Amino acid sequence: MNRQLFQYHPQIGYTFIPGLKTRVAHDGGGYLVQVNQAGFRSSREFQRQKPAGVFRILLFGDSFTAADGVSNIARYSDLLESQFTGIEVFNYGLSGTGTDQQYVIYRELAAGVECDLVVIAVLVENIRRVAARYRVYLDAEGNRIVYAKPYFCLESGHELVRYHDPVPKEPVPEDHLTPDELQHVDQGGNFAWFRQAVNTLGSRARDVAQRWSRYQPLPAYESAEHPDWILTKAILSQWISQCLSPVIVCPLPLYQHVEETCDPAAYQARFRELGTETGAVIHDPLPDYWQVPRDARRKFRFPNDIHPTPLSHQLLADSLMPCIQSFLHQRGR
Amino acid sequence: MTVHVLGISGFYHDSAAAIVSDGEIVAAAQEERFSRRKHDPRFPQHAINYCLGEAFIETSELDAVVFYDHPLLTLDRVIKSLLTVAPRGRQQWMKAAPSVLGVKVHVERFIRKALGPNVPVLFTKHHLAHAASAFYPSPFDEAAILTIDGVGEWATTSIAEGSGSEIQILKEIRYPHSLGLLYSAFTYFCGFKVNSGEYKLMGLAPYGEPRYVDLIEERLLHMKPDGSFRLNLEYFGYLDSNRMTNERFSELFGGPPRPAESRITRREMDLASSIQKVIEKVLLGLAGHARELTGKRNLVMAGGVALNCVANGVLQRKKLFDELWIQPAAGDAGGALGAALVASCRYFNVPRKMNSQGRDSQRGSYLGPSFSKSEVRAFLDRENYPYEAVGDSQQRALKIAQVLSEGKVVGHLAGRMEFGPRSLGARSILGDPRRTDTQVLMNLKIKYRESFRPFAPTVLAEDCSKYFEMEGESPYMLLVAPVRKERRLEMDLSRFDQGNEDLLEVVKQPRSDVPAVTHVDYSARVQTILRNDCPAYYDVVKAFRERTGCSAIVNTSFNVRGEPIVCSPQDAYRCFMRTEMDLLVLEDCLLFKKEQPRWEEEDDWRNRYELD
Amino acid sequence: MTGETDMNLTDQTRDDARLEEFFNKQLVPIAEKLREEEAQLLALEFSDSESSWYVPYVDVGPEVFSFDVDQLEQELRDLWRDQQDAVLLELVKSLENLARDLYRDSEDGDDVSPFVYVMF
């Protein structure tokens with residue numbers, strides 16, 4: 001039996017089920033999940049008003065930030081809290097989302113929450129989800145189900161227009177989708193067939209194949225003019241511009257980048273450009289991963305699951321800490 | 001620092017996990033409920049996951065994981081059994097060795113593989129675990145302890161005494177002489193499945209006459225005045241073959257075993273009746289000796305034989321002890337709880353936690369997972385299943401009671417799932433006990449099981465004596481009591497007595513004003529309920545009384561034949577749609593069958609469950 | 001058929017052969033020897049000669065203890081030596097080897113036959 005973790009949400013698509021407190025069986029053994037009434041993994045409720053003297057950070061991201069595979073208290077958000085006195089981190093991470101859905105979360109649920117800093121943790125793969133309008137999930141029996149997701153289009157060259165609002169509740173039979181819509185179903189990457197073939201061979205074979213091919217999982221970053229990056233950048237730019245407090249954008253690398261089996265230069269360049277254009281601080285944790293000897297970096301993901309392990313969360317917390325500290329000091333001045 | 005101890009049982013039958021924190025029972029569940037494989041014997045990974053989640057602790061916070069059995073002593077018994085019968089027994093060896101040598105002696109490795117290399121792994125002994133599961137959660141500071149099962153290591157029966165946190169095993173009866181195996185042999189011979197059909201045999205007993213009692217006592221079982229016994233192994237197959245009984249046994253009872261699923265004949269009814277009487281007699285002997293030996297006024301029991309609620313009822317009415325308490329998960333699943341309690345009390349010296357109100361500390365045996373209203377709605381909304389949410393529990397209970405009073409059948413999921421084989425309202429199918437057609441309807445159209453099988457009542461504790469000749473409580477449905485004489489109706493059994501073996505003719509006859517829960521011998525397997533035990537369920541029974549004047553309802557486990565009892569709302573919905581139930585209650589949501597979308601499955605779901 | 005299944009079948013066949021060999025070449029001769037000596041490892045009598053069939057509980061080791069397969073050989077040896085089952089000591093090494101060889105990383109999916117459950 002797998003407990004259902006998510007519930008339908010008309011604007012976001014879904015959230016965690018409020019009040020859930022459970023352990024999820026996992027490749028890493030299992031992890032403890034506690035969800036607050038807002039529908040996010042947290043042992044505390046997200047109050048709008050900030051208590052006096054507290055430095056509050058709002059954190060957004062996908063399953064790397066919500067932390068599939070890792071208990072609440074071992075996530076980088078919670079480690080940051082436990083390592084700094086006087087800060088609280090509201091982790092709005094939601095598994096399976098793209099930057100577009102995370103922006104919707106900010107607009108719908110977090111925009112009015114008092115804070116000192118916003119951290120947008122963009123798993124670099126999210127660019128694919130931003131371009132998607134539907135996502136494929138597997139049900140309890142392992143059957144494919146396609147659900148709509150909220151998405152944005154850039155219209156008139158610059159205006160972000162939201163679609164799937166409200167998000168359709170029912171799954172969409174794939175044969176009901178038009179050829180154009182089918183192109184916008186996130187199947188898991190441009191080389192899905194390659195991944196699938198390799199995945200059937202197991203994780204060790206997958207690693208070997210990755211090293212051999214140096215397969216680039218995210219070609220959309222290779223040009224600043226790629227439509228998926230233009231859309232992602234537009235969403236991030238608008239989001240950053242709407243924040244009343246400073247923003248850190250933290251591009252989270254894939255394991256291929258961490259383990260140096262593919263080149264991160266393209267996405268790093270795009271995020272640097274974003275920082276220059278928006279004024280947001282770009283914090284790239286990849287150099288900190290690379291401080292660790294290459295043969296030890298396999299421990300940053302689970303044996304059969306690419307999500308960050310507790311060790312990886314610790315590294316992310318350590319990596320972000322100086323950056324956050326500088327904002328703390330600024331406030332102190 | 002809190003001491004967290006995880007107990008596990010498994011690798012043979014009904015694997016389970018339980019967690020005890022600072023002596024308090026936090027959670028317990030059988031693996032089958034999660035894996036959906038009946039009597040699942042495999043390592044209880046899902047049950048462990050649930051227990052850790054309920055306690056909300058990391059594996060690193062566990063002080064120990066305790067297995068309920070001593071692998072070395074089990075191996076000792078297996079080898080000595082084989083040496084007694086070899087060169088016979090080769091088939092048994094080929095079947096058993098991969099489990100005993102390939103799995104059981106490696107339990108520590110399985111545990112560490114699942115929970116990490118640093119988790120402390122401990123072991124205890126089978127009958128000590130059973131004794132602990134009976135004594136520590138009981139409401140008694142002192143008690144005699146009787147554990148009776150098939151076999152665990154060498155013991156098949158143990159008499160112990162408990163005092164405070166101490167348990168001292170005093171005497172035992174050893175393999176191959178076993179009351180549990182004797183009963184299982186008759187279960188097998190009567191065409192039912194060993195380890196799950198024992199309940200059917202007990203239910204069949206009232207249809208028969210105990211005409212084989214003398215033969216059993218003369219040939220199969222020798223009992224001493226002190227209740228101790230031995231079996232005549234010349235009649236049994238379990239020492240040297242893959243069968244419980246042998247040719248001699250068949251000759252003794254007039255032919256070969258009844259083939260499974262074939263027509264039940266008078267012989268099986270009479271055998272069931274006879275072995276039931278023998279079990280009752282032995283149990284009384286054992287209990288009498290336990291009383292003499294320990295001088296204690298209270299008795300607690302565990303082990304599979306303690307699930308024989310007919311014998312338990314006889315024992316209670318004999319008043320050998322002032323009070324009787326039986327572990328509701330009396331079988332091997334309860335060994336997980338016992339193992340955790342033994343280690344907590346005896347290894348980590350955590351003081352035994354007793355209920356301050358004088359009740360037991362088993363928490364009504366509602367020790368399994370619950371599903372919040374939000375979770376239920378998330379499921380129903382996602383699937384788009386029509387439901388009516390009724391937040392007010394009294395209103396909800398009234399609506400359910402109305403449906404029941406119309407003769408309809410209700411699936412009921414509320415609160416934490418039960419630990420143990422009996423459904424106690426949290427995962428139950430409910431019906432109107434006043435109707436003569438309820439038993440047949442529920443057996444054939446809901447449970448898809450044999451028509452002769454009786455149903456049990458849940459009765460408001462305060463009204464129990466109005467219906468049944470029983471004093472005190474029976475919250476775990478482990479005691480059978482007679483229906484009060486003034487409620488009984490005379491049955492016409494002339495055709496049956498003249499040799500007609502159609503059990504349906506008997507079943508269909510009204511036997512009392514609550515016929516669906518009155519067995520053919522005017523007995524009932526009673527569950528009494530107090531509001532504190534399971535408020536939502538209590539309210540339903542009470543509302544039924546308000547509507548009909550009847551304080552009892554039919555309560556049977558929420559499953560179909562061969563299926564484990566449902567655990568999650570998803571399981572419950574599936575079972576509801578596969579059967580002819582009319583209403584499903586999932587916490588505060590009511591789902592009427594007629595409003596649900598058509599249920600379709602690719603294949604016949606009945607093929608997925610092996611008949612029990 | 002996958003390579004993995006082939007491997008499982010091979011393992012199964014090899015295990016069966018080893019178990020057969022152990023049964024035939026080690027267990028059976030010892031069983032016959034014990035029978036010649038009229039030694040009894042199980043109490044099977046069914047007579048009136050005793051006043052009670054209860055046996056006093058004998059505490060074999062502590063109530064709660066640790067155990068792993070590395071202890072199997074020594075503990076089995078100690079147990080059988082203490083119980084004066086000296087003839088069984090011949091089996092210890094083979095049982096220990098069988099235990100090591102029969103270990104599988106995951107459990108067999110087969111149900112245990114209820115008819116041999118006394119063996120567990």
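Letters A, B, ... mirror the listed sequences (proteins, then strands); counts begin at 1. Keep in mind that this is a model prediction, so the values were computed, not measured.
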Review point. Are more than 12 heavy atoms from other residues, nucleotides or ligands located less than 6.0 Å from atom CD of A:Q49?
Key: no
Point to revise | Atom pair CD1 (A:I17) and CZ (B:F371), whose distance is rounded to the nearest 0.5 Å | key: 10.0 Å
Point to revise | CG (B:L380) with more than 12 external heavy atoms under 6.0 Å | key: yes
Review point. Any cation-pi pair here, B:R382 with A:Y147, using under 6.0 Å and within 45°?
Key: yes
Review point. Looking at B:G116, B:S370, B:C51, which makes the most heavy-atom pairs under 4.5 Å with chain A?
Key: B:S370
Check your understanding: So which of B:I48, B:D571, B:L52 has the largest heavy-atom pair count under 4.5 angstrom toward chain A?
Key -> B:L52
Point to revise | Any side-chain donor near an acceptor of the partner, B:S374 and A:Q7, under 3.5 Å | key: no
Review point. Side chains of A:R23 and B:T59: closer than 4.5 Å at any heavy-atom pair?
Key: yes
Review point. Side chain, backbone, both or neither: which part of B:E58 has a non-hydrogen atom closer than 4.5 Å to chain A?
Key: both
Check your understanding: Based on non-hydrogen pairs under 4.5 Å, which of A:S71, A:G19, A:P171 is most in contact with chain B?
Key -> A:S71
Revision key, fill the gap. Expected contact set for residues 29-36 of chain A against chain B at heavy-atom separation under 4.5 Å reads A:L32, A:V33, A:Q34
Practice item. For residues B:N49 and A:V24, report the shortest heavy-atom separation together with the two atoms involved. Key: OD1-C, 3.9 Å
Check your understanding: Does NZ or CZ of B:R377 come closer than 6.0 Å to the centre of the six-membered ring of A:Y8, within 45° of the ring's axis?
Key -> no
Practice item. Compare every heavy atom of B:E375 with every heavy atom of A:Q4, then report the nearest pair and how far apart it is. Key: O-OE1, 4.3 Å
